[in-house]
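Written out below as C-alpha cells is the structure these notes cover.
So you know, we letter chains A, B, ... as the sequences are listed, proteins then strands, and number each from 1.
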Amino acid sequence: MQTPNMDPEVAQWVEMLQSPELNERLVAIKSLQHLGDEDAIEPLIAALNDESPTVQTLAVTTLWELANPVAIPPLIECLSSPHAEVRDEALSALKELVSTQDLMKLLDVLQQEDAHAQLNVLVLLRKIHDAQALPFILPFFQSERPELREAAVTTLRYLNQVVRCEPALALAEDPVESVRRSTALTLGHLSDQEVVPLLCRLLTADPDWQVRRNAAQSLELLADPAAIDSLVAAMADPEWQVRKFTARALQQTADERAIPALIKALSDEYSDVRRDAATALGNLGQPSTLSALQQTLDDPDMDVRIYSERAIVNIQASQSETSNA
Amino acid sequence: MNTQYLKTDFLVVGGGTAGTMAAIKAKQASPESDVLILEKANIRRSGAIAMGMDGVNTAVIPGNSTPEQYAREITIANDGILNQKAVYETGRLGFEVIQELESWGVKFQKDHEGNYDLKQVHRVGKYVLPMPEGKDLKKILSRQVKRHKVNVTNRVMATRVMVQDGRVTGAVGLDVRSGDFVVIQANAVVLCTGACGRLGLPASGYLYGTYENPTNAGDGYSMAYHAGAELTNIECFQINPLIKDYNGPACAYVASPFGAYTANAEGHRFINCDYWSGQMMLEVWKELNSGKGPVHLKMYHLDDDTISEIESILWDNERPSRGRFHQERGENYRTHGVEMNISEIGLCSGHSASGVWVNEKAETTVSGLYAAGDMASVPHNYMIGAFVYGRIAGQNAMEHIQSLDHVEPDAEFLAAEQARIYQPLQQPEGVPHTQMEYKLRRLVNDYLQPPKSPNKMDIGLMKFVAYEQTLEKMGAKDPHELMRCMEVHFIRDCAEMAARASLYRKESRWGLYHYRLDYPEKNNEEWFCHVNIKKNKAGQMELFKRPVEPYVVNVDLEEEVYDVAVR
Amino acid sequence: MALTTQRVDVPVIVDESKCLEKCVACIEVCPLDVLVKNPDTGKAYMKYDECWFCLPCEKECPTNAITVQIPFLLR
Ligand SMILES: Cc1cc2nc3c(=O)[nH]c(=O)nc-3n(C[C@H](O)[C@H](O)[C@H](O)COP(=O)(O)OP(=O)(O)OC[C@H]3O[C@@H](n4cnc5c(N)ncnc54)[C@H](O)[C@@H]3O)c2cc1C
Ligand code: SF4
Ligand code: SF4
C-alpha cells in the first residue's frame with residue numbers, strides 16, 4: 001500500500017499500521033496523525049475497517065485533520081458504524097467537511113434503513129441548507145422514532161427558501177414533548193395560514209413549559225397582531241421564561257390591551273421579565289404607564305433601571321411629538 | 001551542548017494564532033521564499049487557542065457593523081489612547097480573515113439560514129461570534145502551515161533578536177530539550193510570542209494557574225525591548241474578571257445569550273455590559289469591596305436543559321477543564337453561582353493595550369522587526385486582531401526583504417548571549433527558578449496591583465531593579481529548567497517596565513487598569529498621549545510621551561464617555 | 001546549597017498499564033513540556049509541576065492512559 005516516493009518516516013508508520021499487534025497499530029496511527037502527511041490517506045481509509053474501534057476512531061480523526069475530500073464517502077459510511085464512538089467522530093468530522101457537492105450521497109443514506117445513520121444525516125443537512133432535501137425529510141415526520149421526528153422538524157428550519165410546510169404542522173400535536181418543542185421553534189420560520197393560531201394554542205395550552213416558551217419565541221419572530229389575546233394571557237404563565245419571551249413578543253406587537261398585564265410584570269420576581277416588560281411599555285408610548293415605570297427606577301437590578309429609564313424617555317418623546325402636532 | 005546554525009528569509013517567533021497566520025501569508029505572498037516558525041512548544045497545541053476558542057470577540061461582519069463603528073467603539077473603550085488607523089485595520093480585514101478560516105474548515109456559529117449568528121456583548125453593536133465547535137482551530141492552522149510548506153522548528157525558545165547596523169538580522173534561542181544553542185539568520189523577524197501572562201502571582205499561589213497560557217511569559221516584550229524597539233501603554237494592565245481560583249474565563253460571553261449574567265451577592269446585576277474593559281473592572285472591583293460582594297456568574301435561575309447546553313460548550317472548548325474544576329468542588333451551575341474574582345495583573349494588548357509599538361503595517365520601530373498578536377500594541381485586538389496582524393506582518397515582511405542579504409552574526413554578541421543563557425547550568429545548586437519566580441511575582445502583586453500607590457510603586461521599582469542581580473543566583477539542572485530561568489528574566493524586564501510606565505503617567509485612565517490613588521482623575525490636558533519606553537544608547541530604560549496620531553474616524557471623547565454603570 | 005526533595009501532589013496521572021512504550025503523543029503536544037518518558041519503564045510521567053490543566057495530553061492519548069486533575073492549590 002506504499003506509494004514509491006513516500007517519505008521513509010511516513011512509510012515506517014504505514015507499515016506498522018498493518019501489524020497484528022493492536023498497540024503497534026495505535027502508535028502507528030497516532031504518529032501518522034501528528035505527521036499529517038497526505039501520502040498516508042489510502043492506508044488511513046483502509047484503517048477505517050480495522051478490527052479495533054479505537055483504531056477506526058483515530059483513523060476518522062486523522063482523515064478529518066487531513067481534510068481531503070476523497071475521504072468523505074468512506075466517512076459517510078462510518079455514520080452507520082455499530083460503534084457509537086466511531087459514528088460520533090465521523091459526524092463531527094463530516095460537520096466540518098461536507099459541502100453541497102455531497103448532498104446526493106447524504107440523501108442516499110437517508111433511504112437506508114439505519115436509524116443511526118439517518119439521524120446523523122439529518123443533522124448534517126443543517127450544514128448544507130439545501131431545499132432539495134425537503135422531500136427526503138418529509139417521510140420522517142411519520143417515523144416511529146421520536147428522535148427522528150424531532151431531528152427532521154429541526155432540520156426543516158435550516159432549509160433555505162422553505163416557507164410553507166403543511167405536513168410539519170401536525171407535529172405540534174405530537175405525543176412526545178421534545179418533538180413539540182422543536183416544532184414550536186420551527187413554526188416561527190413558516191408562514192402557513194394555520195401557524196399563528198397553532199402557536200397561540202401551544203403558548204396557552206401546552207402542558208410542557210418549554211413548548212410554551214418556544215411558542216412565545218416564534219410569536220416574537222412572526223410579530224402577528226392576531227396573537228395578542230394569547231400573549232396577554234401568557235403573561236400570567238407560572239413559568240418565568242414563558243413570561244419573559246411573551247413580554248418580548250409583546251414588544252413587537254404593540255396593543256393597549258396588554259398594558260395591565262405588562263404593568264403587573266414590572267413587579268415580577270424575575271428581573272428579565274421586569275426589564276422586558278418595561279421595554280414593551282416604552283414601545284406602547286402611553287403616558288398613563290409613566291408612574292408605574294417611574295417606580296422601577298430604583299429596582300435593585302441595573303438592567304431593569306436602564307431599560308425602564310429608556311422606556312420613560314421613549315414615552316416622553318412620543319408625547320412631545322403628539323403635543324407638537 | 002552544540003550550536004545549530006539555521007538560515008531563513010523570514011523568521012516567525014511563536015507559532016500561535018498570529019504566528020501561524022504570518023507564516024502562511026508570507027508563503028502565499030512569496031512561495032519561493034523560505035519561512036521558518038520557531039516555537040517554544042509544538043504548534044499543534046500551543047498558545048492561547050491550544051484547545052480552541054469560545055468565540056470571536058471582535059467580528060466586524062458586513063450588514064452587522066462597519067470598521068468605522070468598530071474603530072469608534074474601541075476608541076471609546078480605550079479612552080482615546082490608540083493608533084486608530086491600526087485598530088481600523090482589524091475591523092477592515094477581520095471579515096476576510098473569518099472567511100479564509102472558514103474556507104480552511106473553521107466553524108463559526110450560523111443561524112438557521114446560514115448567516116453568522118452574532119451576539120451583542122459590547123455596549124453597542126454586535127461583534128461577538130460564537131464558535132462552539134472551535135476546539136480544532138489549532139489543528140486546522142497546523143494543517144495549513146504544512147500545506148503551505150512552511151518550515152517548523154518546535155521546542156526551541158527564542159531569547160534575543162539580533163540587530164546589526166540598525167536592522168534585524170535574526171534571532172538566537174535555546175533548544176529546550178537538547179539544550180542546543182540555536183542561531184538563526186533571517187532578513188525579517190516577526191515576534192508573535194503572546195502576552196506577558198506570568199507577571200502577577202495568581203491568588204492561588206500556583207505559578208502556572210494563570211489566565212494566559214503560561215508559555216507566554218512576556219518573552220516578546222522583553223526581546224523587543226532589548227532589540228531597541230519602542231513599547232507602549234505598558235501601564236494599561238490586563239486584569240480580568242475570572243472564575244475564582246481556577247483563574248479562567250467563566251465565560252459570560254457564551255452564557256449571556258442563554259440568559260446568564262454577572263450578579264452581586266444579592267443576585268442583582270450591577271454592570272450593564274459584560275465586555276471586558278478597565279471601566280468594567282473598576283465596577284467589579286468597587287462591588288467586591290462594597291458590602292454587596294462577592295460577585296458571581298448567575299445561571300441558577302435557568303432551567304436544566306439550558307444549563308446543560310451551556311455546559312456542553314464551556315466544558316468542551318477553550319478551557320475544557322472548567323467542568324472538572326466545578327465537579328471536583330461539588331459545585332453545580334444549577335444550584336451555585338460561579339464565584340468570580342479579579343485576576344492578578346498581566347500585559348496583553350489582545351485584552352487591553354500594552355504592547356510593542358506597531359503601526360498599521362505591523363512594523364515596530366526597528367527596521368525588519370515586526371510584531372503581531374497579544375504582544376503588539378493594537379488594543380482590544382483579541383483573536384481576530386492576532387490573525388489580521390499576523391497576516392499584515394507576513395505580507396509586509398516579504399516585501400521588505402526583497403533586496404536584503406543575510407548578515408554574518410556578530411561573534412561577540414553570540415558569545416555574550418550564550419554565556420547569559422547557560423549561566424544557571426554552571427550552578428545547578430543555585431536558587432531554583434520556581435522560588436525565584438514566586439518571589440518576583442509576589443512582589444509584583446505587592447507593589448503594582450491596582451489601585452496604584454506611588455510610594456508602593458517606587459519601592460517596587462527599586463526591588464525589580466535589584467532583582468537583576470538576584471537572578472544571577474538562579475541555578476538549573478537541565479535544558480527545561482533553563483527555559484524557565486530565561487522566562488524569569490523576561491518577567492523581570494516586564495515588571496520593571498510596568499512599574500516605570502505606571503509611575504510616569506500621572507493621572508488615572510482605563511478604569512482599574514491604571515487607577516492611581518494620588519491622581520484619581522483623568523487629565524487629558526497633560527496625558528492625552530502614549531507613554532512609550534525604549535532602551536536608550538546607554539542601555540537604560542527611557543520613557544517619553546508619544547502623541548496620539550490623528551484619528552481616521554471622528555470620535556468626540558468629551559461626549560462619548562465609556563460607562564458601564566448607571567448612576 | 002543543598003536541595004531537598006519535597007513531595008508535591010501531582011495533578012497529571014498516567015495509568016502505566018495502559019501507556020504504550022513506543023508512543024510519545026502526550027509528550028509531543030504538552031505546551032508546557034512537563035511530560036517525559038521514564039527511561040527504565042518506557043512509560044510517560046509528569047516530571048515538572050508546571051501544568052496549565054489545558055488537556056491536550058488527555059485528548060491525544062490513544063489509550064486514555066492520562067488523567068489530569070486540577071492542581072491541588074486551585075482545587
Ligand atoms: C483562556 C483564553 C480565552 C480567550 N478567549 C477568547 C475568545 O473567546 N475570543 C477571542 O477573540 N479571543 C479570546 N482570547 C484572546 C485570544 O486568544 C488571543 O488574543 C490570541 O490568541 C493571541 O494570539 P497570539 O498569537 O498573540 O498568542 P498565542 O496564540 O498565545 O501564541 C503565542 C505563541 O508563542 C509561543 N512562544 C512564546 N514564547 C516564545 C519564545 N520565547 N520562543 C518561541 N515561541 C514562543 C507560544 O508557545 C505560543 O505558541 C482568549 C485568550 C485566553 C488565554
Ligand atoms: S494538561 Fe496541559 S499542561 Fe498539563 S500535562 Fe496535559 S498538556 Fe501538559
Ligand atoms: S499518549 Fe498515552 S500512551 Fe502515549 S505516551 Fe502518553 S500516556 Fe502513554
Short donor-acceptor contacts under 3.5 Å linking chain C with chain A:
| unit_1 | atom_1 | unit_2 | atom_2 | d |
| --- | --- | --- | --- | --- |
| C/K22 | NZ | A/E24 | OE2 | 2.4 |
| C/E60 | O | A/K30 | NZ | 2.7 |
| C/E60 | OE1 | A/K30 | NZ | 3.0 |
| C/E60 | OE1 | A/H34 | NE2 | 3.0 |

Requested in this report: Check whether C/V29 gets within reach of chain A through its side chain, its backbone, both or neither, counting any heavy atom under 4.5 Å.
Outcome: side chain
Query - Student check: side-chain heavy atoms of C/C23 and A/L26 closer than 4.5 Å - result: no
